[in-house]
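Reminder, nothing fancy here: chain letters follow the sequence lines and each chain counts from 1.
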Number of protein chains: 2
Amino acid sequence: MNTAPTTTSPPSSKNIDVWLIEDNRHFSEAIECILDTEDGIQLKESFRSAEAALKALPKKTPPQVIILDLGLPGMGGIEALPEIIKHAPKSQVLVLTTDDGRSKVLAAIANGASGYLLKSDDLDAIVSGIRDIVDGRAAINSRVSRMILDIFRKIPKPPPEANLTSRESEILCMLADGKIKKEVADLLGISYYTVDTHVKRIYKKLQVNNLSGAIARMSQQ
Amino acid sequence: MNTAPTTTSPPSSKNIDVWLIEDNRHFSEAIECILDTEDGIQLKESFRSAEAALKALPKKTPPQVIILDLGLPGMGGIEALPEIIKHAPKSQVLVLTTDDGRSKVLAAIANGASGYLLKSDDLDAIVSGIRDIVDGRAAINSRVSRMILDIFRKIPKPPPEANLTSRESEILCMLADGKIKKEVADLLGISYYTVDTHVKRIYKKLQVNNLSGAIARMSQQ
DNA sequence: CTAAACATGCCGAGAATACGGGATGCCCTT
DNA sequence: AAGGGCATCCCGTATTCTCGGCATGTTTAG
């Protein structure tokens, strides 16, 4: 995020070509209007559906930035994202939507969005967001940022350390690789029965009753 | 991020108390100066080391926002972060540093920072960042945002055409919970054989030959 | 329209697992 | 010396999986 014009914002060289995919007339007109008055940014195309944009992509020069609404009729924005990127790998997609639900945000990011702004944001934020994106920065609404941070924080939490002994962890790890007990036994140079016993204890400790549950417990926390 | 004053920024009710932990005189003075002129924000304390701040924390009322430099002499900002949060769980920490290295960013987030701004950012960005944070948003420099996005994107990416259908994913997910095929079948209201068939295809697609391998592939990439 | 992709259902044999026992030896702490 | 935790080994049985087929109906994309 940048709350004010970032000091490190170079003139972004030439003109920035932009496409807009937005079904809402009012909103798209507002954007068209503000981009028209903006120096160095040029709205080249405006589509009312993802299908229309995807159809146009192979025929025209892809823009640097594609502003994409998620709440599109027909093919939704999320589904369209991978397609867009497939056809225009060099274009950066700026998602612009009303929905700040966690799943949408995650899906958008996972599918390659470079920015995620909300329609409730100031229109100026869109302009700045476009410049951010072409300069290799991210344009993300601060509320969405917060959500991402919260999610992020929960991932790298390794410490709850199960009470597994190192031997047990070792065996569970190998099983999680898809190896079967027999293989593990051979690789460790111990008996199948030993592995089996270890696994039994792992299940007890982890309170599960099969390998799948144990692996899930392991790779999650 | 918010590139312009966020439209959804309410007056943030009362005064915002802020502490500053920064060893660089010039910089801390600059911040003190700009916060002094800022309405509704009050810089209550200013420390030159994490130790000093930690010593003061139990004695005074913790502020809403703590601005923390990472490049501190003695105890570094990263090490101080968990301590700060332990003693002042309600305070939000805004990291303000020159270092935008990936490891620092990740460490700061993992340790509970609510914001990450760079000293190269406009001073106004700090003010807006403070307001963002108390309003439950995140204050993150857009370059850092981009980095987080890039990292984020790599986690849930199935690089090969591991394209599981939604049904397949659903089933794999349930199996990863420790459920057995029969349970999954009952829960989905379909035949055991159907589940079995789906699983067979999952193995093919993921190039594994047992559940453990499939779950591992799923939860990692 | 046709082929492909998807979801669904079924069978059977052999492989692997789950889990209840029981046992031995080592090392560490009390 | 005793007890506990750990790693090791063994057995039998019931359960579950794996995987090879085969087959049908629906939806989708070309």
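- Distance NZ (B:K181) to P (C:dC11): 16 Å, rounded to an integer number of Å.
- With salt bridges taken as basic N to acidic carboxylate O contacts below 4.0 Å, one links A:E38 and A:R131.
- We find that NZ of A:K204 is positioned 17 Å from P of D:dA7, with the value rounded to whole Å.
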**Report entry** Residues A:S91, A:Q64; criterion side chain to side chain donor-acceptor pair (under 3.5 Å); working and verdict
**Finding:** CA-CA 5 Å; A:S91 296; A:Q64 286 158 275; over 6 Å; no
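- A salt bridge links A:D17 with A:K44; the closest basic N to acidic carboxylate O contact falls under 4.0 Å.
- We find that A:E22 and A:K119 are joined by a salt bridge, their nearest charged nitrogen and carboxylate oxygen being less than 4.0 Å apart.
- Here D:dT18 presents its C1' atom at 10 Å from CG of B:L211, a figure rounded to the nearest Å.
- Dense packing is recorded around NZ of A:K181, with more than 12 heavy atoms of other residues, nucleotides or ligands lying under 6.0 Å away.
- Between A:L94 and the options A:L117, A:L68, A:V134, a side-chain contact (heavy atoms from CB on, under 4.5 Å) holds for only A:L117.
- Contact check, B:R201 against C:dA7: no side-chain N or O comes under 4.0 Å of OP1 or OP2.
- Across C:dA7, D:dC17, D:dT8, the shortest atom-to-atom separation from the side chain of B:E168 is found for C:dA7.
- Rounded to an integer number of Å, the gap from CG of A:L172 to P of C:dT17 is 13 Å.
- Rounded to an integer number of Å, the gap from A:E51 CD to D:dA29 C1' is 14 Å.
- The separation between B:N209 atom CG and D:dT16 atom C1' is 16 Å, rounded to whole Å.
- Of the residues in residues 182-200 of chain A, those lying under 4.0 Å from DNA chain C by heavy-atom distance are A:Y192, A:D196, A:K200.
- Atom C1' of nucleotide C:dC26 and atom CZ of A:R167 are separated by 14 Å, given to the nearest angstrom.
- Rounded to an integer number of Å, the gap from A:I180 CD1 to D:dC17 C1' is 12 Å.
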